[in-house]
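Just below is one structure, and these are the notes that go with it.
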Amino acid sequence: MLTVEEALAQILSRALPLGTERVDVYAAPGRVLAEPIVSRREIPPWPNSSMDGYAVRAADTRAVPVTLVVVDCVAAGTLPSRRVGPGEAVRIFTGAPVPDGVDAVIPQEDVEAEGDHVRITRAVEPGAFIRPRGEDVRVGDRVLEPGRTLGPAEVGLLATLGHVPVLVYRRPRVAILSTGNELADLGTEPAPGQIPNTNTYSLMTQVLEAGAEPINLGVTPDRLEAIEERIGWGMSADVFISSAGVSVGELDLVRQALTRCGAELHLWQVSMRPGKPITFGTLDRRLVFGLPGNPVSAMVTFELFVRPALLAMAGLRNVDRPRIRARALDPIANPGHRRGYLRVTLARDGDEYGARLTGEQGSAILRSMVEADGLAVVPGDTVIAKGESVEVIILKQLK
Ligand code: AMP
Ligand code: MG
């Protein structure tokens, strides 16, 4: 049986970035940059004042006190009307261009102004309170590399540089199919013998959280032709995900259906708990995943295998969730040979985090996942004793 790392390597070797598209500034947040951004602008474009005050020649303030004549007034958005000579000063406001001839600004709190004269009592250094041209960005600076998610600062920088519309990677479209004779989809009250369809909706949310676009293919019974038909519906997507029907029972038909639709299956069964039966393949250029049916198994296998693949297809360089080491607040046991991905809450404890199981860890206990801040990675046949440290994959923003 494959290890999680071997399976992930197989998947990532086939998860190649999709095409690119140009989007405007409103559509840019959260997208992944697909081009290097090289500045065509100098920011700031000219030396400007960082204070409201008076622009002066620093040399004029060497012998203080001194009184200068105020010959001009420049506000942000206007230009100086003249060059400034010795003995002269200019009223200036934050963000206004510094006139030629002066080399320092004195904040207005530090001077005594009267009529068109200003009295200065303290010497200033050249450059004081002036933001030089190009202080932030120079023409030709490579300010952003492809493969990076566009957050608030990046989008602000793109706007500053006039670099919108911007080239980003296309978001993966992900078709989701739930299989099982027992499933009643949303909108139908489960009849006796039926259970509500969970996986479509948790998986759709995981797809959205990974920055991709879910397409709901609904629910199909465990019949080969029915599953094949729905797989066909999913062919407009970049990725196909099904849940359930990938185990060894007579009604586990997903792998056969995928193969009959032309998919080449590259792996089946990974040594992990929850979620041993998982299949992965390719169908033309699409990735196809058959995830296990139990709701926690479906979510955990999505987390470990599908999410990194979607991020890689979306052009991200780093597809890994952060991991920390936390201290077990109670024993954390993983009986059985397969590596465990156990759901834990994390609580801050001084400089470190304490981890505690979210209760019963059955693969059908969705609430173990609801409460989870992370997945504790525990080797097979191991008990992490209280106080020992354990590796945890962070799923949520920590409190
Ligand atoms: P299977 O892999 O088909 O044997 O399914 C494993 C378990 O997951 C069974 O108990 C199914 O009833 C359950 N299951 C399968 N699909 C879903 C779903 N979409 N929502 C909730 N439970 C499911
Ligand atoms: Mg089934």
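Every number for a ligand or one of its atoms is a count from 1 in the order of the listing.
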Note to self: With a 4.0 Å heavy-atom cut-off, what residues sit around ligand 1?
What the structure shows: Ser178, Thr179, Glu182, Leu183, Ile195, Pro196, Asn197, Thr198, Asn199, Ala244, Gly245, Asp252, Gly293, Asn294, Pro295

Notebook entry, point to check: Considering residues at least two apart in sequence or located in another chain, which fulfil the side chain to side chain donor-acceptor pair (under 3.5 Å) criterion with Asp238?
Noted result: Arg170

Checklist line | salt bridge (charged side-chain N to carboxylate O under 4.0 Å, His left out): pairs with one or both residues in residues 291-318, sequence neighbours excluded | finding: Glu303-Arg321

Notebook entry, point to check: Can you list every pair that meets ring pair (Phe, Tyr, Trp, His ring centres under 6.0 Å) and has a residue in residues 242-293, with sequence neighbours left out?
Noted result: His266-Phe280, Phe280-Phe289

Note to self: Whether Glu21 and Arg31 form a salt bridge (side-chain N of Lys/Arg under 4.0 Å from carboxylate O of Asp/Glu) is what I want to check.
What the structure shows: yes

Check: Does Glu264 come within less than 4.0 Å of Arg14, counting only side-chain N to carboxylate O?
Finding: no

Note to self: I'd like to know if Glu371 pairs up with Arg343 as an ion pair, taking the criterion as any Lys NZ or Arg NE/NH1/NH2 lying under 4.0 Å from an Asp or Glu carboxylate oxygen.
What the structure shows: no

